[in-house]
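Worth knowing before you read on, the calculation uses all heavy atoms, side chains too, and leaves out hydrogens, waters and symmetry mates. In what follows, chains carry the letters A, B, and so on, assigned in the order in which the sequence lines appear, proteins first and then strands, with residues in each chain numbered from 1.
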Amino acid sequence: MLSGDIPPNQTIYVKNLNEKVKKDELKRSLYCLFSQYGRILDIIALKTPKLRGQAWVCFSEVTAASNAVRQMQNFPFYEKPMRIQYAKTKSDCIAKEEGSFVPREKKKKQEEKVEKKRFPEESKQSSVPNGTHGASNGGPTASFRPGSTSQEAAAPNDILFIENLPYETTGRMLEMLFEQYPGFKEVRLIDAKPGIAFVDFEDDIQSSMAMQALQGFKITPQNPMVINFAKK
DNA sequence: AGCACA
């Protein structure tokens, strides 16, 4: 089958990655690219001879992984089409979240269910490649409500579609925000439709970076930006 | 091509 008979998994296995790109940049880019599908708990990438050119992206939901497998299949990423499958085994970070993690020392096949209630400590500060110095104006990312139906993720595009802007937003204001990200080309406001804008980038990797960084940015306290890829 | 948890 398409996914090579591997059953769905919260973690996707990505291969055919460009081995020249440095590990941290790779993780950041993967994070930006895939976080549109859901919350990413961790990204594993190693540069050892056996493991270079591959990465594991762990999502908090299987549905996010499924969307990512389908939508980003063969996506050209650093000049190479990504090959995406479900991971074959459960990631440590997932096992930890559900309390079934067994340290690697014991190489046992410890797949038994641990009947446990939630941990009392709810500090879900998961390790995420914290690439971007994002929207640091108080409010973190917006909870995706206005506009788009967040279940149907738009395909990557070098054009971003911005919603929920205050009516008084000017092109210059948006330029100042977006031009700090590499690949920025231009901002386009629609006179007939206040509150939305399009922002063009050189490619969809760079647009993803900016989207991730500025998602939820508040120009006014009541206007967290909602950023999506523009429809093709 | 290659399925780990630096």
Side-chain angles (χ1 to χ4, degrees), chain A residues 1-134 153 156 205 208-209 212:
Chain A
M1 263 299 277
L2 295 147
S3 53
D5 282 346
I6 301 158
N9 190 307
Q10 279 180 68
T11 299
I12 57 172
Y13 169 68
V14 188
K15 63 179 179 178
N16 199 38
L17 296 170
N18 189 327
E19 300 180 11
K20 285 177 298 198
V21 3
K22 290 182 298 297
K23 189 169 71 177
D24 296 298
E25 181 186 345
L26 180 71
K27 284 189 176 185
R28 274 201 301 272
S29 299
L30 287 169
Y31 182 74
C32 292
L33 215 50
F34 281 109
S35 56
Q36 43 172 319
Y37 299 103
R39 195 160 79 90
I40 293 175
L41 302 178
D42 201 5
I43 296 182
I44 305 292
L46 294 276
K47 294 280 283 226
T48 62
K50 175 82 95 24
L51 293 173
R52 66 184 57 153
Q54 302 149 76
W56 288 261
V57 181
C58 314
F59 289 98
S60 62
E61 306 287 344
V62 194
T63 54
S66 300
N67 280 324
V69 169
R70 291 199 315 269
Q71 292 265 3
M72 297 299 280
Q73 196 60 258
N74 300 322
F75 178 78
F77 187 62
Y78 294 104
E79 351 292 340
K80 302 188 69 183
M82 293 194 203
R83 303 276 127 88
I84 313 176
Q85 301 169 344
Y86 294 112
K88 285 183 182 159
T89 60
K90 189 191 291 293
S91 298
D92 286 357
C93 66
I94 310 281
K96 281 172 184 160
E97 282 233 332
E98 52 186 49
S100 62
F101 178 65
V102 179
R104 206 151 304 284
E105 276 64 63
K106 9 183 80 176
K107 272 291 196 195
K108 295 180 167 186
K109 269 285 186 169
Q110 282 277 42
E111 264 315 319
E112 67 185 77
K113 304 175 187 172
V114 180
E115 296 296 342
K116 273 205 145 197
K117 295 292 178 187
R118 285 194 188 286
F119 294 123
E121 27 118 357
E122 282 292 307
S123 48
K124 289 285 163 62
Q125 189 73 349
S126 291
S127 65
V128 131
N130 182 21
T132 47
H133 31 278
I205 295 172
S208 299
M209 296 284 191
Q212 180 57 33

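The separation between A/Asp24 atom CG and B/dA6 atom C1' is 12 Å, rounded to whole Å. Between A/Arg52 atom CZ and B/dG2 atom P the separation is 16 Å, expressed in whole Å. Between A/Phe101 atom CZ and B/dC5 atom P there is a gap of 11 Å when expressed in whole angstrom units. As rounded to whole Å, 9 Å separates atom P of B/dG2 from atom CD of A/Gln54. Summarising the geometry, the separation between CG on A/Asp92 and P on B/dC5 is reported as 8 Å, rounded to the nearest angstrom. Counting to the nearest Å, the C1' atom of B/dG2 and the CD1 atom of A/Ile6 are 13 Å from each other.
Residue-level contact check: A/Ile44 touches the bases, meaning some heavy atom is under 4.0 Å from a base atom.
Proximity of A/Gln36 to A/Pro156: side-chain heavy atoms (C-beta onward) are separated by under 4.5 Å at one or more points.
Each of B/dA4, B/dC5, B/dG2 was ranked by its minimum atom distance to the side chain of A/Asn16; first place goes to B/dG2. Candidate nucleotides B/dC3, B/dA6, B/dC5 were compared by shortest atom distance to the side chain of A/Ser91, and B/dC5 ranks first.
When each of A/Leu17 and A/Lys23 is assigned the nucleotide of DNA chain B with its nearest heavy atom, A/Leu17 is the one assigned upstream, toward the 5' end.
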Evaluate the side-chain contact (heavy atoms from CB on, under 4.5 Å) criterion for residues A/Met72 and A/Val14: first the C-alpha distance (whole Å), next the side-chain angles of each, then the deciding distance (0.1 Å), finally the verdict. CA-CA 10 Å; A/Met72 297 299 280; A/Val14 188; over 6 Å; no
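Identified under the side chain to side chain donor-acceptor pair (under 3.5 Å) test for residues 11-21 of chain A, with sequence neighbours left out: A/Thr11-A/Ser91, A/Tyr13-A/Gln54, A/Asn16-A/Lys80.
Judged as a side chain to side chain donor-acceptor pair (under 3.5 Å), and not counting sequence neighbours, the contacts of A/Ser66 are A/Tyr86.
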